[in-house]
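Beneath this line is the structure, given in structure tokens, with notes to follow.
For this chain, numbers begin at 1 and follow the sequence in order.
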Amino acid sequence: MLSKAKIKLINSLKLNKYRREHKLFLAEGSINVLDFLQSEIQVVELFATADWSVKHAEKLENIEVSIVSQKEFGKITALKTPSEVLALLAIPEYPEFSLRKVNDLVLMLDDIKDPGNLGTIIRTADWFGIRQIICSLETVDAYNPKVVQASMGSLARVEVHYAGLSNVLKTKPEDLPVFGALLDGKPLNEMKETKKGIILIGSEAHGISEKLIPFIDEKLTIPAFQGTSSAKAESLNASIATAIICYAFRNAEK
């Protein structure tokens, strides 16, 4: 049975303030939790139904597991429909991020506010083998339960850093290009092959901040379909645009 103190702790981690205070975050659902169990991120405690713990017993060695009923899950879940498993995890402490060490593609996110978008971008980065994302200080917290859920376990494999983007870009080596996703850029299909670089994605509402524009070496845009109608959406969702751009970069390497 879950104690009142444990319920209080778990529910407090739905807020950024307490995640930072306790240096812990939550992950729910089999896919998410199983990915974290196979990662280097520390699993502090696991809460699972009896059926789930028996089914995955071979993966739970040296893991503290508390058996929880579905009714009790209803008191701690951040989901509309409670899952069979919830993990209490330690927020990883990564080495300080440095552009001077970058030898591949890196995603840079400027004020992404929507948790679903950030989680999907993390999942997209994982799919395309991009292992580091650097976010502005105003970007939603990567350990927000909605972000963790949308990432579907990819947060176990992708490092997410937070910093003032202008300060970071001032340290950029000359041979590390910055590609900015803008509406007035070069069509993505005209992009040349590149092995490394920074892909800068702007916020859902305002795009890339004016203060970051001077750091961009090449502006890129995703051309809209030129059909019979001139009417079209003003822009693409940030996570969808990121996926298309990442595909174009990886495809250009072939």
Item to check | Short N-O contact, Glu218 and Lys186, less than 4.0 angstrom | outcome: yes

Checklist entry - Quick one: does Asn117's side chain have a donor or acceptor within less than 3.5 Å of a partner on Asn237's backbone? => result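 Here the side-chain-to-backbone pair does not exist.
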
Checklist entry - Taking the side chain from Lys172 and the backbone from Leu176, do they hold a donor-acceptor pair closer than 3.5 Å? => result yes

Could you pull out the closest heavy-atom pair between [X] and [Y], with the gap in Å?
X      : Y      : value
Arg250 : Gly129 : NH2-O, 3.1 Å
Leu89  : Ala27  : CD1-CB, 3.5 Å
Asp110 : Gly207 : OD2-O, 3.9 Å
Leu169 : Leu99  : CA-CD1, 4.2 Å

Next on the checklist: Ring-plane angle category for Phe97 and His161, please: parallel below 30°, perpendicular beyond 60°, tilted otherwise.
Outcome noted: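 Tilted: the ring planes of Phe97 and His161 meet at 30° to 60°.
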
Checklist entry - When the ring planes of Tyr143 and Phe25 are compared, do they come out parallel, tilted or perpendicular, using 30° and 60° as the limits? => result tilted

Path from [X] to [Y] over hydrophobic side-chain contacts below 4.5 Å:
X      : Y      : value
Ile222 : Leu200 : no
Ile112 : Ile130 : yes
Phe73  : Leu13  : yes

Checklist entry - Passes salt bridge (charged side-chain N to carboxylate O under 4.0 Å, His left out), Asp104 versus Lys196? Steps please. => result CA-CA 4 Å; Asp104 194 4; Lys196 64 179 183 178; over 6 Å; no

Item to check | Polar contact flag, side-chain donor to acceptor under 3.5 angstrom, Thr77-Glu28 | outcome: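 Their side chains do contain a donor-acceptor pair, which is all the 3.5 Å distance test asks for.
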
Next on the checklist: Distance alone, cut at 3.5 Å: any donor-acceptor contact between the side chains of Gln70 and Thr49?
Outcome noted: no

Checklist entry - Just one of Lys146, Lys17, Arg20 clears the salt bridge (Lys or Arg N to Asp or Glu O under 4.0 Å) bar with Asp141, so which one? => result Arg20

Checklist entry - For Asp111 and Ser136, what are the C-alpha separation, side-chain angles and deciding distance, and is it a side chain to side chain donor-acceptor pair (under 3.5 Å)? => result CA-CA 6 Å; Asp111 298 2; Ser136 68; 2.6 Å; yes

